[in-house]
Protein chains: 2
Amino acid sequence: MTDDEAQELGITESKEHATGEWYAEVVQKAELADYAPMGGFIVTRPRGWALWEAVRDFLDEQFRATGVENAYFPMFIPESYLEREKDIVEGFDPEVAWVTHGGYDELEERLAVRPTSESIIAPFMAQWTRSHRDLPLRLNQWCTVVRWEATETKPFFRTKEFAWQEGHTAHATAEEAWEETLTRQEQYASVYEDLLAMPVLRGRKPEHDKFPGAETTVTVEALMPDGKSVQGGTSHDLGTSFAEAFELTYTDEDEVERLAHTTSWGLSWRALGALIMTHSDDQGLVLPPTVAPTQVAIVPIWQEDTREDVLEYAGEIAEDLEAAGIRVELDDRDTRNPGFKFNEHELHGVPLRIEIGPNEVEDGEATLVHRPDGESVVAEREGIVESVEAAFEEIYDALYDAAEANLEANVREADSPEEILGTIGQYGGYVETGWCGDEACETVIKEEIAAEIVMVPMDPEEGPIHEECSICGEPATETAYFARTY
Amino acid sequence: MTDDEAQELGITESKEHATGEWYAEVVQKAELADYAPMGGFIVTRPRGWALWEAVRDFLDEQFRATGVENAYFPMFIPESYLEREKDIVEGFDPEVAWVTHGGYDELEERLAVRPTSESIIAPFMAQWTRSHRDLPLRLNQWCTVVRWEATETKPFFRTKEFAWQEGHTAHATAEEAWEETLTRQEQYASVYEDLLAMPVLRGRKPEHDKFPGAETTVTVEALMPDGKSVQGGTSHDLGTSFAEAFELTYTDEDEVERLAHTTSWGLSWRALGALIMTHSDDQGLVLPPTVAPTQVAIVPIWQEDTREDVLEYAGEIAEDLEAAGIRVELDDRDTRNPGFKFNEHELHGVPLRIEIGPNEVEDGEATLVHRPDGESVVAEREGIVESVEAAFEEIYDALYDAAEANLEANVREADSPEEILGTIGQYGGYVETGWCGDEACETVIKEEIAAEIVMVPMDPEEGPIHEECSICGEPATETAYFARTY
């Protein structure tokens, strides 16, 4: 290996001092994604796509268990269909990629590459819904969508095309639609908490930041180590506004025609951005074992005379782990030394390394090294599967605990504009404060510092944290969480 | 239920006498797909998409087991990238949907919505391949692609946007690339034979019908009941032509820079079209249990006084089946009578119906009715899971056998243009004949009847079936299979 190669392999940026550059470097060097030739697009490599598949499989199982069926709608939406939505929403016009030509011919009507699919899905839901017996109707699709935003590309966080799922449901009553909205929020929280080792805050968006046309938008928010909040997934109670626009009605048991109540909800590969950002470090990617494409890398360490024994012993352990359903790689490359392999597997985010040398063979043991903190444990050959599984749990818990500690230490109270600005400026994180509900008060803060109200707590019983709005002094109606965002 | 509703529920067209209309009706009434507002596009409903997911899961497992990794590349390809391919291929220009505007602005360079992704994937494969240690490189993506063909829409067979997987691999040697090409062909054959209950013929495409730039294109071909052949999946040995165009080289062990050998291979949702067309009948959809979203429909039959007992008994059977991993629906709707339910589940292609009335409860039995042929068997309550699983196998085999009988009865020999035309005109199916290899001889047939050479057998040992080309009389070099196609 030349110096150039060594340089190329390692992470050179610092997570603490140059978070953005460090993030971009981890994404590329851990081989998660590369930049496409067109600005705003990325190529998702197998290691990155496997993470998205893990999220998909996890969420898809929860969707199925709660009555959701997958479908697939066209990637193009006629302009006139998007227009129908305009009664409700301002529309995605400034962000839409337009197909104008098919082959050599100009199309009679422009087609939007879907920025989201309400306007093509709702008419079909209307067509398929006749009586109360057809409800609830719960559809979901896994796809990519395109939004032509001209901001700087940040893989998984900001790309013109991104992967997501979009769920669309119709219900007979407002109560059911609200229950649905909360079910999906809780499933999104579960993605973070039970799969990605990250605690999240549950809340609703302030009135002025709801999905256009929604009664209520609820969100899960994750705090990054750099003090910014990531909107981790949103779920919208759309009331009857889309049902009205698209004539989505049903005949009730009493033979009366009624408007359905609809919801929509989406989680995108931004979840991967949050995952990478949260756990990784200056050695590269860190992943919880739940989603790691390779969970264990076995690195045999041999001299010429011990080679055969070490490889045989390592191979048997690999077989045992594989038989137990563990995703294991036996790294028996002749062309790389153990040190190189250690670094590479650390860079790639393999959660557990097993080192096996002649001593381990002789003693019937194996050395397990945890990726996140380098903790090293000697395990017996007997029961190696159980030891590895226990290590997975320890690693998961350690990652979760660290993220939770970061979250808990970074929710602060403030009760004046100066204090809000000062706290966010100095520490980042969330600042909770009394708020009158008026967007103008958010603007006061937003104009001084790039922070906004990312959520208000959901429990109406709680009441606002302060009696007065910390910005204008009027009576507070709720508690606002200010934060910088991705 | 009104007469209108009854009419709407049943299939009104005849498979034998109006195959095209019958097919379109089955697709819509079995709720597999609907037509989208833009010509050439369809909306794939949950029952249809579940079939595609079954194909995906089956094939994905085989891909993984043979070293393929999933990735995801942008849905857009810059025009200049498509142009690079033109050294090799004529290009997809006449079939490309072009994105020309992002928001309100015209793009500097038009973007093609991918018709296939060689031209965006190959440059990245080149970037990721340095040494022989990086090979073989095997990537696959599940996505949709767009080809602006102005033919009549036929769900799953002919749509402007269609779902598929596209695999792209690079290898150090020509032998490995050829082996790869055959591996994928065999996996495609397995989709049909082991999942969709359809035998296929394996062959290669004639020289003039290869994928542009390919050394060899191999195919699996399925014969439909109306005598037409469906190209079920193709796998291309691309030699070094794409490697040359995209500078995909590697440093070999001897430090020499060499061109890689690449392959690509794809299977689309056309497989679903072939599935539906092959097994379904004038009562509606017929599916093998392997892919049916609902494998068993339990229909309880009660009077007021037996209702409770029948439902309890039926519920227990449903639980047993579900616990065994069988996809079962207990159809306990109060609002529909058993006859309606029978028809509906037949229309929807549920492979097995279980009827349970008071007699079954009393005798500790259940009546199993096979969807394809109405065969009815009384099974003991004890061992119901085994009986259902045995019924699944019988149903699968019966479907496969019928398709195989159709195939075996419809490969005929002919040794003159008149005989080729007459045989295809009268019977459809495949006509095998000696061929000189010249496209002009195919054209002679094609101009008279919409039939073409769909494949030539792969085994070079076999030699041509006739000594002379049946069309021009020159020496035959291979055996051509003529057929009408979808």
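Below, chains carry the letters A, B, ... as their sequence lines are ordered, and counting in each starts from 1.
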Hey, are the side chains of [X] and [Y] touching, using non-hydrogen atoms and a 4.5 Å cut-off?
X: B:Val113; Y: A:Met75; value: yes
X: A:Glu31; Y: B:Trp128; value: no
X: A:Ile77; Y: B:Pro37; value: no

Sort [X] into side chain, backbone, both or neither according to what part of it lies under 4.5 angstrom from a heavy atom of chain B.
X: A:Trp98; result: both
X: A:Glu109; result: neither
X: A:Tyr72; result: both
X: A:Gln127; result: side chain
X: A:Val96; result: backbone
X: A:Ser80; result: neither
X: A:Phe76; result: both
X: A:Ile42; result: backbone

Side chain, backbone, both or neither: which part of [X] has a non-hydrogen atom closer than 4.5 Å to chain A?
X: B:Thr335; answer: side chain
X: B:Asn70; answer: both
X: B:Glu53; answer: side chain
X: B:Leu107; answer: side chain

Completion exercise
Counting heavy-atom pairs under 4.5 angstrom with chain A, the leader among B:Ala33, B:Pro123, B:Pro78, B:Gly102 is B:Gly102
Exercise for the section: Under 4.5 Å, counting heavy-atom pairs only, tell me which of B:Arg45, B:His101, B:Glu95, B:Glu69 racks up the most with chain A. Expected result: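 The option with the most such pairs is B:Arg45.
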Practice task
For A:Trp148 and B:Asp105, test the side chains for any donor-to-acceptor distance below 3.5 angstrom and give the result as yes or no.
Solution key: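 The criterion, which ignores hydrogens and geometry beyond distance, is not satisfied for B:Asp105 and A:Trp148.
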Problem - Atom of B:Thr44, atom of A:Ala71 and distance for their closest heavy-atom approach - result: O-CB, 3.3 Å
Exercise for the section: Answer yes or no: are there more than 12 heavy-atom neighbours, outside B:Glu79 itself, under 6.0 Å from its atom CD? Expected result: yes
